[in-house]
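Here's the structure, in structure tokens; my notes come after.
Keep in mind that the numbers below use all heavy atoms, side chains included, and drop hydrogens, waters and symmetry copies.
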Amino acid sequence: MGEIVKLKLSEKSCELPFKAGETFIELAEKAGIEESCGVLVDGELVDLRDCPVGGEEIEFVDYEDEAGKHVYWHTASHVLAHAMKYYMDGDLKLAIGPATGEGFYYDFELPRTLSESELERLEAIIKQIIQRDISIERYSCSKAEATAKFKENSASYKLELLDDIEGEPTFYRQADFEDLCSGPHLLSTGQLGVVKLTKLAGAYWRGDENGPMLQRVYGIAFKTEEELDLYEERLAEAKKRDHRKLGQELDLFQVDDSVGPGLIIWHPRGAEIRQTIEDHWRRRHRAEGYRTVMTPHLAQEELWKISGHLDHYEENMFPRMELDDTNYRVKPMNCPFHMKIFNSQTRSYRDLPLRYAELGTVYRYEKSGVLHGLLRVRGFTQDDAHIFCQPEQLEGELISLLEFTTEMLATFGFNDYEIFVSTRPDDYVGTEDRWELATESLKKALETAGLDYKIDPGEGVYYGPKIDLKIRDSLDREWQCSTIQVDFNIPERFDVAYVDNDGEEKRPIMIHRALFGSLERFFGCLVEHYGGAFPPWLAPTPIWILPIDSANQEYAQKVADKFAEAGINSRIEPATDSLGKRLRLAITQKIPYAVIVGSDEEESGKIELRTYGETSSNSLELEIAVEKISQIIADRAPIKPV
RNA sequence: GCCGAGGUAGCUCAGUGGUAGAGCGCGUCCAUGGUAAGGAUGAGGUCGUGGGUUCAAAUCCCAUCCUCGGCUCCA
């Protein structure tokens, strides 16, 4: 009695006394907090059933908070498992059922395959469990008791989980359902609003592809039906931005069965956008001191034996071709060729850093189940470069490289990405101290650049650690685009060396880097980022000219010529269809500017200009329009009214 | 690669044992129009592919390819 916990309650903070043995539930009551999902104790999420010790800072969280949502969804996953137990008459094995970033899932071993049509019936059972408002109790027991219980129920997955638990395992029980779980959980099922089961999938037990395949049910829970509706609307909106859908609608690219899975055919409009991206890329690389090179698509297999790719990634390479008693491979990487260029002369320390860049098209055999539009393909063009430098130049190169990367992405409107440092994998070559050094220099460069990052343990490439930059797609999936990799190994394998100022031959350090990653993937992300409405500088045809009447065709041509003189591509949609129809087409094709010209405009030398996203046009002098749009393109600015 | 769901006209989709459908798009003709679909008419499909069951298969069964959602993987 009389002990104090500090309580943070929204903006106000106060201090609350509590008695020994009092739980957070009682504390919440005292503080007048009605609905809470859990409690953050000095920032750590804790079950409401726990007791404070005194002196800590606590904050009750509800569904509005990220931590609260986590508890809410986690409980929903237990309710799903509870419903599944009824649905399968108890004939099932439970694996795991965590909350995710958006919702939850539960993995089951079931006596038969579940079909999507059954999800609705499961939802109905879930609804009943919620309506019964079953109180959820927590208890713990000894490991031996838990083991005995699981053995009796032949709960083999739970038994395995038990092995990893230190101390007493805890259980959460709601009526005739209980689950081994560290929590935290809500206090009763009635606290849940509406649970929606979203998809069905297979998942390997513990992510091991040699292990058993379980059935995973995904779901999400909300306080109200209205929130669920909003979520579904948001999802539908996101699907409209899907690059595969837009690629079809805007005639950007295709993937054709008879050509091959994961092989992209770029249509004119897609190819024109890509050209603009590549032109910008070349210009910027020249300015940053890169020399561009070009290398073959095929080479003798020996090259990849030397580089180590054959040892480490053969299963991801297309099979060998035998030509004149020599084995060839389609290239999965550009690096060996760049080594050859370096080695074509004796290099001096004065030559370093030496930067070779290539838009190099590579082919990798990706497993069929992983292909995904432009984002995961079998043939793609890397904006690859290899930088050879002296050890003392590494830091500086990395720092300027990060600056270059972020600038390049920002040009295309990407300011929102996650950065990861991938550390040494099990399957590595080289010495540990070199790995350490390389990893530290990557971290230091990020810190100098003031960029936040996460560690991706063991996710490095076999030859060195890397910085990856990941961009999210319209459905919130992350895709690695930019990558910067330090490599002490491949230079050694190719015996790459320079003569230092002391006359000694020394090994340069190499950086592999790709800013876009692959042009295919980057373009896919770009389509989704802009929702297909490309800014005028990227749009293949930023202007459509719509003459009102056939009689205005000549003036339309004059307008087109004026834009062409300024280097702006436009196209005339002749008056064979109604103006309304042609305008609608321009809008659905997400053309930045529709220019409408009739007899009025012809007489006054003006145009009507309607900007994408606006509901009306404005009248302006042709010369002024050309000048202003030229400026917008030169600035690489987003679509905006003129 | 694994689990599940799908592949019908150029596109989006309906048809679930009995002679292949719609809308959009495309062609032709009419209409010459002022800010998101003018009217008429025509062409277009061995229903992913290969087997099987059946008097009869887009429809049922098997295999296979591809796509989608996950899982595993991703130099």
Roughly, in whole Å, what's the span from [atom1] in [X] to [atom2] in [N]?
X       : N      : atom1 : atom2 : value
Y105(A) : C71(B) : OH    : C1'   : 10 Å
L546(A) : A36(B) : CG    : C1'   : 12 Å
Q382(A) : C74(B) : CD    : P     : 16 Å
N316(A) : U72(B) : CG    : C1'   : 12 Å
D577(A) : U35(B) : CG    : C1'   : 15 Å

Shortest non-hydrogen contact from [X] to [Y]?
X       : Y       : value
T423(A) : G458(A) : OG1-N, 2.9 Å
H386(A) : N334(A) : CE1-C, 4.2 Å
R521(A) : Q480(A) : NH1-O, 2.7 Å
K590(A) : L250(A) : CD-CD1, 4.3 Å
G373(A) : I264(A) : O-CD1, 3.9 Å
A201(A) : Y218(A) : CB-CE1, 4.1 Å

Can you tell me if [X] touches the phosphate of [N], counting only side-chain N or O atoms and a distance under 4.0 Å to OP1 or OP2?
X       : N      : answer
R364(A) : A75(B) : no
R477(A) : G70(B) : yes
R376(A) : C73(B) : no
K466(A) : A75(B) : yes
H372(A) : G69(B) : yes
K199(A) : G69(B) : no

Requested in this report: Just call it for G598(A): base, sugar-phosphate, or nothing, with non-hydrogen atoms closer than 4.0 Å on any strand.
Outcome: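 G598(A): base contact, heavy atoms under 4.0 Å.
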Kindly point out which of [options] is positioned nearest to the side chain of [X]?
X       : options                : value
L371(A) : C74(B), G34(B), U67(B) : U67(B)
I596(A) : U35(B), G38(B), U32(B) : U35(B)
K581(A) : C2(B), G70(B), G25(B)  : G25(B)
K367(A) : G1(B), C71(B), C74(B)  : G1(B)
R244(A) : G69(B), A75(B), G1(B)  : G69(B)

Query raised in the report: Would R424(A) count as a cation-pi partner of Y428(A), with NZ or CZ less than 6.0 Å from the six-membered ring centre and within 45° of the ring normal?
Result: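 Flagged: R424(A) positioned over aromatic ring of Y428(A).
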**Report entry** K470(A) NZ/CZ over Y417(A) ring centroid, <6.0 Å and within 45° of normal
**Finding:**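 No - K470(A) does not lie over the ring of Y417(A) by the 6.0 Å and 45° rule.
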Is the count of non-hydrogen atoms from other residues, nucleotides or ligands lying under 6.0 Å from [X] atom [atom1] greater than 12?
X       : atom1 : value
E554(A) : CD    : no
K443(A) : NZ    : yes
D426(A) : CG    : no

Report task. On RNA chain B, check which nucleotide each of Q248(A) and H512(A) is closest to and give me the residue with the more 5' one. Result ->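 Of the two residues, Q248(A) wins.
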Requested in this report: With RNA chain B as reference, determine whether Y463(A) or R216(A) sits nearer its 5' end, using the nearest nucleotide of each.
Outcome: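 Going by which nucleotide is closer to the 5' end, it is R216(A).
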Is any side-chain N or O of [X] under 3.5 Å from a base N or O of [N], one able to act as donor and the other as acceptor?
X       : N      : answer
E601(A) : G34(B) : yes
S616(A) : U35(B) : no
Y204(A) : G70(B) : no

Can you tabulate the close N/O pairs, meaning under 3.5 Å, that link protein atoms to atoms of nucleotides 39-43 of chain B?
none

Query raised in the report: Under a 90° cut-off about 0 for the syn range, is U16(B) syn or anti?
Result: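 This nucleotide is in syn.
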Collect all protein-nucleotide pairs involving nucleotides 3-7 of chain B in which both atoms are nitrogen or oxygen and the distance is under 3.5 Å.
from, atom 1, to, atom 2, distance (Å)
C3(B), O2, G202(A), N, 3.2

